[in-house]
2 protein chains.
Amino acid sequence: MKTRINFTARPKGRAPEARSGSDKSEYTDDTEAGARRRRRILIVEDEPAMVAGLRDNFEYEGYDVITAEDGVAGLERALADDPDLVVLDVMMPRMSGLDVCKQLKVKRPSVPIIMLTARGQEIDKVVGLELGADDYLTKPFSVRELMARVRAVLRRVSAPARAPEVYRFNDVEVNIRGNEVRRAGARVELSAKEFALLVYFISHPAETLSRDRLLDEVWGYENYPNTRTVDTHIVHLRQKLEPNPEEPRFILTVHGSGYKFVG
Amino acid sequence: MKTRINFTARPKGRAPEARSGSDKSEYTDDTEAGARRRRRILIVEDEPAMVAGLRDNFEYEGYDVITAEDGVAGLERALADDPDLVVLDVMMPRMSGLDVCKQLKVKRPSVPIIMLTARGQEIDKVVGLELGADDYLTKPFSVRELMARVRAVLRRVSAPARAPEVYRFNDVEVNIRGNEVRRAGARVELSAKEFALLVYFISHPAETLSRDRLLDEVWGYENYPNTRTVDTHIVHLRQKLEPNPEEPRFILTVHGSGYKFVG
DNA sequence: GGTGAGTTCACAATTCCTTGACATTATTTT
DNA sequence: AAAATAATGTCAAGGAATTGTGAACTCACC
């Protein structure tokens, strides 16, 4: 599973985890109107080496790439060139990525945005809440991971109209973009971590997730708490969302392995 | 940002603040065929203090560690000793980590590499990834974060055998990713070991497996129980999955040799 | 300083792994 | 073929490991 450039030649068999989705979707796109043109990615980033590296990777993966070197230019290109997705650095000259994101979400609410944040920046605020970015990575990140997230985001947004903003199970409604959870119609207050954990569960249904994996994926690499911290948050989620927290029906324990969400 | 965690010696009792996760993963690791031998990490780094610190930490977390002090030696060891993952410093005598990475990715495309770069080597970051490294950190980094990234990379590369989601035999369905077994549609509760054992059987069909081998592959090297323990687990599997446990049709005894699964 | 989220800790509750004894079956020896 | 020996089947109990849970603690932010 190589990331890229050292594919001098195009590998014959599909790489196991390589984007099987986009190949296939060329002909048989789901529910959508068949045809699938190339996706256009806008990269807004001031560091030339990073731009070059990302451009190579995206083009190798079959995307069209346009770029901008600062926030103002980025916003302009985003509005003018109608990209399918924007990769947006936070730290940039002239206009911060946060502001670009905010404004872009007003003027082009449907365009998905992936933010690149430096380590230590408040990522909680970047996603969801005020800004509305669709995903983010903290630098330094692996290009492979960025590619994976781009694919995932594109799949989400292009996947059918009925890609529901709101996930439901039992009497619970989870509005992911709105950071809101309701139960039997009434608001349930979840903390940021609880919400992030819940979302991760929802997006990996019926899959057993180890505590380590949850820590990596939900908590991130920087701060790596005790695995028991996961348990504590599980308890909170159960208390808030399970009909009977002592006998969970949705957030299940897989003894010796981790937890599993079944919706 | 500490460079080293005070995991110094290996306490027998679990260190309170250590991630209990790694202990646990000895039996049921995700999606993989139950088996979980120790991972071998190659550290290629010229600074002895750094090597010592990393070795301590990796060994504490249950990895086997081999080392090399410069690029040439690192490449040789990587080719000779077949490590599961390589931690590669960029700045080194004789051969730069970048060159090692490049060559290694040609000769052993599948071995994951995590690069260590000095701060300020901004370009090298991207270059490192262009060369096919799977992840990287900038010095000084926290050992915790390195550990987390190592785990994440190993999980990514070892998991994606996403091919067969569900194995079936008779009226039994085994969903590996979800740690779930169904029989005639109804859930069957298996313990972690039972599940790991079953998965191992499934992935070695029609092959006679000795108790010793099962202990090695499913139980792991660390704790090595009585061979009769295997029998006990076999009994449980038969009771839960065989149409007639007294006359097994799928989990067969090979008298004097071990057991065999025929699906 | 107060507040709340996140984390850690301690202890209880639970699960299940392991062991050993004995029963049963298979294989070898007489 | 019967007896002797070895291997496997089975089960219950003890102990180890894992998880549930409430409370204390830390830290950033008002």
Side-chain angles (χ1 to χ4, degrees), chain A residues 120-125 129 179 188-198 208-212 214-215 218-220 222-240 242 244-248 251-260, chain B residues 12-28 34 144 179 188-198 208-212 214-215 218-220 222-240 242 244-248 251-260:
Chain A
Q121 288 176 324
E122 278 308 321
I123 51 185
D124 290 341
K125 294 178 179 169
L129 302 188
N179 274 63
V188 177
E189 298 294 340
L190 294 192
S191 76
K193 275 279 187 296
E194 289 164 4
F195 188 79
L197 182 57
L198 176 61
T208 298
L209 306 170
S210 71
R211 292 175 177 75
D212 277 347
L214 292 171
L215 287 175
V218 177
W219 272 255
E222 288 77 14
N223 32 4
Y224 208 83
N226 194 311
T227 53
R228 302 308 311 278
T229 299
V230 176
D231 301 47
T232 300
H233 284 264
I234 292 286
V235 169
H236 294 155
L237 281 183
R238 283 174 174 164
Q239 288 174 344
K240 292 177 180 178
E242 286 278 356
N244 177 9
E246 278 131 51
E247 241 179 76
I251 302 169
L252 307 181
T253 301
V254 182
H255 192 101
S257 299
Y259 295 98
K260 176 169 71 169
Chain B
K12 27 246 44 288
R14 161 168 314 113
E17 51 146 14
R19 329 161 307 94
S20 59
S22 71
D23 297 327
K24 164 204 55 197
S25 58
E26 293 189 20
Y27 1 110
T28 43
R144 263 190 176 185
N179 276 61
V188 177
E189 299 291 342
L190 294 193
S191 77
K193 274 276 189 292
E194 289 163 5
F195 189 81
L197 182 57
L198 175 61
T208 298
L209 306 170
S210 72
R211 292 176 176 74
D212 279 343
L214 291 172
L215 286 175
V218 178
W219 271 256
E222 283 78 13
N223 30 5
Y224 211 85
N226 194 314
T227 54
R228 302 309 313 281
T229 299
V230 176
D231 301 53
T232 300
H233 284 265
I234 293 287
V235 169
H236 294 154
L237 281 183
R238 283 174 174 163
Q239 288 174 342
K240 292 177 180 178
E242 287 279 356
N244 178 10
E246 280 130 49
E247 236 178 81
I251 302 169
L252 307 181
T253 300
V254 182
H255 195 98
S257 301
Y259 296 99
K260 176 170 69 169

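Each chain gets a letter, A, B and so on, in the order the sequences are listed, and its residues count up from 1. What's counted below: heavy atoms across the whole structure, side chains too, no hydrogens, waters or symmetry copies.
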*Asks:* What's the CG-P distance between N226(B) and dC11(D), to the nearest Å?
*Replies:* 18 Å
*Asks:* Nearest whole angstrom, please: distance from the C1' of dT18(D) to the CD1 of I234(A).
*Replies:* 14 Å
*Asks:* Ignoring hydrogens and angles, does a donor from either the side chain of R238(A) or the base of dG20(D) sit under 3.5 Å from an acceptor on the other?
*Replies:* no
*Asks:* I want to verify a distance call: between dT18(D), dT8(C), dG20(D), whose nearest atom is closest to the H255(A) side chain?
*Replies:* dT18(D)
*Asks:* Please say which of T253(A), L237(A), V254(A) ends up in a side chain to side chain contact (heavy atoms under 4.5 Å, CB included) with Y259(A).
*Replies:* T253(A)
*Asks:* Which nucleotide wins on minimum distance to the side chain of T232(A), given the candidates dT8(C), dT18(C), dT8(D)?
*Replies:* dT8(C)
*Asks:* What integer distance in Å separates D231(A):CG from dC9(C):C1'?
*Replies:* 13 Å
*Asks:* Would you mind reading off the distance between L252(A) atom CG and dG20(D) atom P, rounded to a whole angstrom?
*Replies:* 11 Å
*Asks:* dA5(C), dT18(C), dG20(D): which one has an atom nearest the side-chain heavy atoms of S191(A)?
*Replies:* dA5(C)
*Asks:* Can you tell me which nucleotide in dT19(C), dG6(C), dC17(C) comes closest to the side chain of A192(A)?
*Replies:* dG6(C)
*Asks:* Any side-chain heavy-atom pair from F195(A) and V188(A) closer than 4.5 angstrom?
*Replies:* no
*Asks:* Nearest whole Å is fine: how far is dG6(C) P from L237(A) CG?
*Replies:* 11 Å
*Asks:* Can you figure out which of dT8(D), dT18(C), dG20(D) approaches the side chain of P225(B) most closely?
*Replies:* dT18(C)
*Asks:* Which nucleotide wins on minimum distance to the side chain of H233(B), given the candidates dT19(D), dT18(C), dT10(D)?
*Replies:* dT18(C)
*Asks:* Using a 4.0 Å heavy-atom cut-off, does Y259(B) contact any base of the nucleic acid, only the sugar-phosphate backbone, or nothing at all?
*Replies:* sugar-phosphate
*Asks:* Grab the CD1-P distance between I251(B) and dT10(D) for me, whole Å please.
*Replies:* 12 Å
*Asks:* So T229(B), base contact, sugar-phosphate only, or nothing? Heavy-atom distance under 4.0 Å.
*Replies:* base
*Asks:* Using a heavy-atom cut-off of 4.0 Å across all strands, would you classify Q239(B) as base, sugar-phosphate, or nothing?
*Replies:* sugar-phosphate
*Asks:* Taking CD in Q239(B) as the centre, count heavy atoms belonging to other residues, nucleotides or ligands within less than 6.0 Å. Is the count above 12?
*Replies:* yes
*Asks:* Quick one: does any side-chain atom of K193(A) pair with a main-chain N or O of W219(A) as donor and acceptor, under 3.5 Å?
*Replies:* no
*Asks:* Measuring from the side chain of R228(B) (C-beta onward, heavy atoms only), which nucleotide among dT18(C), dT8(D), dT21(D) has the closest atom?
*Replies:* dT8(D)
